[in-house]
Amino acid sequence: MRFNSCASRSIASVLALLLIVPSAASAQTQNRATRTAAAADAAAEVPWLYRGSDVPQDKEWKFGELPNGMRYVVRRNGVPPGQVSIRIRMDVGSLHERDAERGYAHLLEHMVFRQSKYLGQGQAIPTWQRLGATFGSDTNAETSPISTTYKLDLPNITATSLEESFKLLSGMMIAPVLSERNVRTEVPIVLAEKRERGGTGARVAEATQQTLFAGQRMAIRSVIGTDATLKAANQARVRAFHARWYRPERAVVIAVGDADPALMASLIEKYFADWPVTGPAEPAPDFGDPVAPAGADPANPVGETRVIVEPDLPRGVNYAVMRPWRPVKDTIVYNQGIMIDSLAQAIINRRLEARARGGGSFLFAQVNQEKLNRSTDATFVSITPLTEDWKQALTDVRAVIADAMAAAPTEEEIAREVAEFSVAFESGVEQRRLLAGSKLADDMVTALDINETIASPETVQMIFRQSVPLFTPQAILDHTRKLFTGTVIRSTLLTPKAGEADAAALKLVLAAPVAADGMARLDSKPISFADLPPLGDPGAIKTDVATGVLGIDQVEFANGVKALLWPSTDEPGRLTVKVRWGAGYRAFNPADAAYIALGDMALVGSGQGTLGQEQLDRISTGRKMGFDFEIKDSAFQFAADTRPADLTDQLYLFAARFAQPRWDAAPVLRAKAAARLQYESYAASPQGVWQRDGRSLQRGGDARFRVPTPAEVEAATPDGFRQVWQPMLEQGPIEIQLFGDFDRNEALAALQKTFGALPTRAPLPGNLQPPRFAQLPASATPVTLTHRGDPTQAAAFVTWPTGGGMAGITESRKLEILANLFQNRLMQAMREKLGAAYAPQVSNSWPEDLDSGGGLMALAQLQPKAVPVFFQTADEIAAQLIARPATADELERVTEPLRQQITRASTSSAFFMYQLEGATADPRKLGAIRSILPDYTRTTPAEMQALARKYLVKGKTWRVAIVPEARPATAGGRGTATEGR
């Protein structure tokens, strides 16, 4: 959990908007055939992305255009070293499909990986793996309503591998093999993906999309398509779709990474310049505008409404103030308007959060303005009612918004949000060197999706600082009013109870006048850390020694607190703090299940000293601070990303939770409400059932890992919460990790005043649970669970138990290689051959702090009838790995991607920080760092066969099947809706 959550979301939103600055240029409107020579000369002076823009160019990007109309952009970036990230964005998505082609943009995304000019049948994935790219993370693609983007993060580049990659990608785009055989092979895989993504959530999303975008293409153009159109796909239709939209003038190639930009540009030109332009371009279809129904009140134009009934989901109200989407002029003035819009939303969201925290009628509410898929510029409002009284929740949220539209915010409120944005922009400048090439490439894709240009962090900060005088109360008020003024207002109500409401009732509440409610306006004056009491006398340093690993030192204070310090200038402005203590799940009793779950949500919010949750927000205003909390198997952990200037206060914030715990009831009561509302939704899908029951099953049914029932949550009290959690804060040694950009002497002084000043800790109780958890007994008959979701969905899990503990750490890493071998074979069998599962997975777990509990698990989402096939296939693959050694090529396709993953990850201190959690208690973790790379990458076919014989033993597995519950054929009330205009 993070404090300042609402403000953080607003900052993330404004950062996304401001690092990508709107442009009037659009790929859809360019017509290269009619461009005059004068225009071409002008274009040569201004990169194509910036035409019409007065925002300073980010000179690190190098732009180019080919005679056939294809555009490209390249940039040098060394994060991580040796990697180049390539993106090919095609300006075609589901909104470009004809009625009979629904799902074709996504189907074509699949088919270009199937076979192409330079890649044989099914060879794309193995080829990239041999080059070190992991399928799914390094090699992937995605289709949206407006674009299709192909992604490759190529590690360990050489001139040869870089050229080969551009060659292969050009063949995929220009000349995929769209044969009848390939269509018939790929359609079942897409249908499996559709099935896995379907069910309750998909029904709600589809009904919401149909309502909010009524009359527009977005309403009836889901990316995945329909069963009917996909099954009707054939060679001729798919080829026609490709010929119509896969044209060079609709393509942009992006390459960012550790290579000479001129080399990358030359390779793009070499392999894409011959992409032919065939016939005249077909214009993009009209995506449509939101239109109010006849007779709507211009002052409050409520239009389409819909009630969606899903018995297993909590109530939710969404409404949107819709405006037509239009390209905008790219000016600094326009971007200053975006900033004011973002400030206005941040103020409203903070007020809504205050109302929710104070025991309002809703658990959560938020506003968010977005320009979505070139179809609408809308302000969305989402609400989670606390009780069945959704009308009151909707009215109360509208009242807070009405107050924001009626009266300007205070100067203090504005200053608070300005300070939050300012620190985010400062951090962006400080950490610009750390931006990964893949992130920069993805940002460019986003810019193209929304017709925007790229601005450097320095430019964004400059525009922001110059704009601060414009952030007046009246400007915020004016922009707030515009945000909630539109062409039409549309809404959906999600309810678990049939007959609770209809579309007319929802429309009536939205149309009713509402009185402004200013009760949520907050005291926004900042709180100073200087005003807080000291935690005690600064503690003495008992020992300060080098660990001998990576320049990391271990410091122990007189009170027993230990710290691992690794100051580094390699990551400027980035500093991470972790505080680890206690015994985690081992410290609880089985009867504590409800309080474990509530603590995960409410421990931080319950406050400390004089600071409640609101005060914790205020004290961090304008600071880069955090307060994440996690319960691990054998420890508890606080964590935060901060910066050097805020380190002392971040440490105080953490240490005060131990020295001056506070036990406010409100966060506990809110967590109880959230747990009750969420519980039934777990039963709505196989994934939800596993999320609810899986961790407990993996540990032999241990109740501590169960999601508590609503009755158990209801019985929990704030007093009981304190009785369970106070001892957890008081017991067990504390370990601190400081990794990143900090001054060692200053950090030691800060630690002495904070954690060093704490009293000596009580030891862990003598009756602590041993460092192990039970496991399900082996059985060929699966444990069968049921879900109440889509009857076509099921899931299956099979686990071969392994082990745990640092003594076997090398073997655990070798098991990762075996898991990847198994994964490749399972993917080939279940997806490629049978089309029974879209993304079967194999994972390896080995708890380092426990002496048991590890496992190699294979899992898949499938149709119920395919569950036995999955278990049989998994058994067959296990038997094959035991009977015959893997081939050298199979091993290379696993070990090379693992080598590259570790090599890239090890360029960040966060990688080592994770590896060293708990090292002050178990020094073996320090020594184990040295063998990470060889353990994961050096092996032989014989070693893998021996490992398979040791662990993949027939009859040693435990299995789980999650299938639809049996329901009468006449059962109704699920997935129903009423709608009105």
Side-chain angles (χ1 to χ4, degrees), residues 20 23 25 27 30 32 35 39-51 53 56-91 117-118 128 131 133 147 149-175 246-277 435-448 453-456:
I20 306 168
S23 167
Q30 290 183 2
R32 296 178 57 84
R35 184 178 293 165
D41 291 341
E45 298 175 5
V46 179
W48 51 262
L49 191 70
Y50 290 92
R51 289 168 194 160
S53 174
Q57 298 172 24
D58 185 342
K59 298 292 187 179
E60 293 189 53
W61 292 98
K62 309 300 179 185
F63 297 84
E65 295 177 82
L66 302 181
N68 61 6
M70 200 201 81
R71 296 166 294 161
Y72 66 85
V73 54
V74 296
R75 175 173 175 156
R76 185 186 290 276
N77 174 275
V79 182
Q83 176 175 295
V84 169
S85 294
I86 303 171
R87 305 290 184 264
I88 301 180
R89 181 193 178 276
M90 298 304 306
D91 198 21
K117 182 177 181 179
Y118 304 112
W128 300 124
L131 292 173
S147 65
T149 302
Y150 299 87
K151 302 182 176 184
L152 173 63
D153 293 332
L154 185 69
N156 194 31
I157 56 162
T158 64
T160 300
S161 66
L162 191 61
E163 176 158 8
E164 181 70 5
S165 296
F166 279 115
K167 173 185 173 182
L168 297 178
L169 289 168
S170 71
M172 291 167 65
M173 297 302 105
I174 301 170
Y246 274 61
R247 300 168 57 90
E249 70 270 23
R250 303 192 72 85
V252 176
V253 179
I254 303 157
V256 184
D258 200 2
D260 181 1
L263 172 62
M264 293 189 286
S266 68
L267 290 173
I268 293 169
E269 293 176 356
K270 178 178 180 179
Y271 288 104
F272 288 90
D274 292 336
W275 192 343
V277 179
L435 281 174
S438 58
K439 174 66 165 58
L440 292 168
D442 289 339
D443 284 347
M444 180 60 76
V445 171
T446 301
L448 294 166
T453 63
I454 293 290
S456 70

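When side chains are defined from C-beta on, Ile174 does not count as touching Lys117, because their heavy atoms never get closer than 4.5 Å. Using a 4.5 Å heavy-atom cutoff, the side chains of Trp61 and Leu49 are not in contact. With contacts defined as side-chain heavy-atom distances shorter than 4.5 Å, the pair Arg75/Pro261 does not qualify. Inter-residue side-chain proximity for Thr149 and Ile88 is flagged as unmet; no heavy-atom pair is nearer than 4.5 Å. Side-chain atoms of Trp128 and Leu168, non-hydrogen and from C-beta on, do get closer than 4.5 Å to each other. For the pair Leu435/Val79, no side-chain contact is recorded, criterion being any heavy-atom separation below 4.5 Å from C-beta on. Side-chain contact between Met444 and Val256 is absent, with no heavy-atom pair separated by less than 4.5 Å. Inter-residue side-chain proximity for Met70 and Trp275 is flagged as met; some heavy-atom pair is nearer than 4.5 Å.
Ser165 contributes a side-chain N or O that, together with a main-chain N or O of Ser161, makes up a donor-acceptor pair within less than 3.5 Å. Side chain of Arg250 to backbone of Met90: no donor-acceptor contact under 3.5 angstrom is found. Distance alone, capped at 3.5 Å, is enough to place a donor-acceptor pair between the Lys62 side chain and the Lys59 backbone. Between the Trp48 side chain and the Gly64 main chain, a donor and an acceptor come within less than 3.5 Å of each other.
Annotation for Asp260: atom CG counts as buried by contact number, over 12 foreign heavy atoms lying within 6.0 Å.
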Show, in sequence, the C-alpha distance, side-chain angles and deciding distance for Tyr72 and Val252, and conclude whether the side-chain contact (heavy atoms from CB on, under 4.5 Å) test is met. CA-CA 5 Å; Tyr72 66 85; Val252 176; 5.8 Å; no
Give the C-alpha distance, both sets of side-chain angles, the deciding distance and a yes or no for side-chain contact (heavy atoms from CB on, under 4.5 Å) between Leu162 and Leu267. CA-CA 8 Å; Leu162 191 61; Leu267 290 173; 3.9 Å; yes
Give the intermediate values and the outcome of side-chain contact (heavy atoms from CB on, under 4.5 Å) for residues Val277 and Arg247. CA-CA 7 Å; Val277 179; Arg247 300 168 57 90; 3.5 Å; yes
Go through the steps to decide whether Tyr50 and Phe63 satisfy the test ring-ring contact (aromatic ring centres under 6.0 Å, His included), and finish with yes or no. CA-CA 10 Å; Tyr50 290 92; Phe63 297 84; 5.8 Å; yes
Please step through side-chain contact (heavy atoms from CB on, under 4.5 Å) for the pair Asp443 and Val445, ending with a clear verdict. CA-CA 5 Å; Asp443 284 347; Val445 171; over 6 Å; no
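With rounding to the nearest 0.5 angstrom, the CD1 atom of Ile454 is 8.0 Å from the CG atom of Leu448. Atom OG of Ser85 sits about 8.0 Å away from atom CG of Asn77, to the nearest 0.5 Å. Rounded to the nearest 0.5 Å, atoms CD (Glu163) and OH (Tyr271) are 3.5 Å apart. Here the straight-line distance linking atom CD1 of Ile254 with atom CE of Met264 works out to 12.0 Å at 0.5 Å rounding. We find the CE-OH distance between Met173 and Tyr246 to be 6.0 Å, quoted to the nearest 0.5 Å. Note that CG of Asp91 and CZ of Arg89 are 4.5 Å apart. Values are rounded to the nearest 0.5 Å.
In this structure, Ile268 and Ala255 approach most closely via the heavy-atom pair CD1-CB, 4.5 Å. Nearest heavy-atom pair across Ile157 and Ala259 is CD1-CB, 3.8 Å. Minimum interatomic distance between Pro276 and Pro248 (heavy atoms only, all atoms of both residues): O-CD, 3.6 Å.
For the side-chain contact (heavy atoms from CB on, under 4.5 Å) criterion with Leu66, the lone passing option out of Glu269, Arg71, Glu249 is Glu269.
Salt-bridge formation is detected for the pair Glu65/Arg51: a Lys NZ or Arg NE/NH1/NH2 atom is positioned less than 4.0 Å from an Asp or Glu carboxylate oxygen.
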